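Read the numbers this way: they start at 1 and go in the same order the structure lists the ligands and their atoms. Both backbone and side-chain heavy atoms feed into the values below; hydrogens, waters and symmetry mates do not. Predicted, not measured: the structure shown is a model, and the values here were computed from it.
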Amino acid sequence: MSSQRSQPAQDPGAKSKSYPVPYFTSIPGGLQPSQVISVSGTVLPNAKRFHINLHSGTDIAFHLNPRLNEKTVVRNSKIKGSWGSEEKKLPVNMPFIPGHSFKVEIICEAHCYRVTVDGQHLLEYAHRIKDLAAISAVEVAGDIKLTDVQV
Ligand code: GAL
């Protein structure tokens, strides 16, 4: 194609593109089993925390909250304004590292979310909000450069 010649010159700009943070996007039709939400970014050098939230109205069905200062990943839900009990255990070392890029995939299964980081299994989180179709928005916020979100 005739326009191909001009593309390489535009690549550097395209690669450094990032999304505004906090970033919100909708999940058209809500979640359904086997759906994957992927979030790519780079943890800022002095990062303390960031989160990926899946919202059902004013509730947070899934709060995935890497805390760099605690070297763990907190998972929780916020229902009717109250946080539930945190899940914090990790089967591996903290996969998020300041200054490093990452790709998180949240796979919505029938009974849980399954989370991978850079293609490696990290954790599962049993659904507390079970009406998946009502989970219709994603929020990404905190100390990252956000480079891609796919719903
Ligand atoms: C709180 C924190 C919230 C959220 C919650 C998860 O302490 O303020 O932002 O991370 O923990 O349980």
Next on the checklist: Taking the side chain as everything from C-beta on, heavy atoms only, tell me whether Asp118 gets closer than 4.5 Å to Lys103.
Outcome noted: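 The answer is yes; the side chains approach within 4.5 Å.
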Item to check | Side chain proximity check, Gln120 to Val92, heavy atoms < 4.5 angstrom | outcome: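 Side-chain contact under 4.5 Å: no.
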Checklist entry - So how far is it from Leu31 CG to His127 NE2, rounded to the nearest 0.5 Å? => result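 The NE2 atom of His127 is 7.5 Å from CG of Leu31, to the nearest 0.5 Å.
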Checklist entry - Would you call the rings of His63 and His51 parallel, tilted or perpendicular, where under 30° means parallel and over 60° means perpendicular? => result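 Ring orientation of His63 relative to His51: tilted.
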Checklist entry - Mind checking whether Phe62 and Tyr113 have parallel, tilted or perpendicular rings, split at 30° and 60°? => result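 Judged by the thresholds at 30° and 60°, the geometry between Phe62 and Tyr113 is parallel.
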Item to check | From CA spacing to verdict: side chain to side chain contact (heavy atoms under 4.5 Å, CB included), Asp143, Asn46 | outcome: CA-CA 8 Å; Asp143 307 328; Asn46 296 314; over 6 Å; no
Checklist entry - What residues come within 4.0 Å of ligand 1, counting heavy atoms only? => result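 Arg49, His63, Asn65, Arg67, Asn76, Trp83, Glu86.
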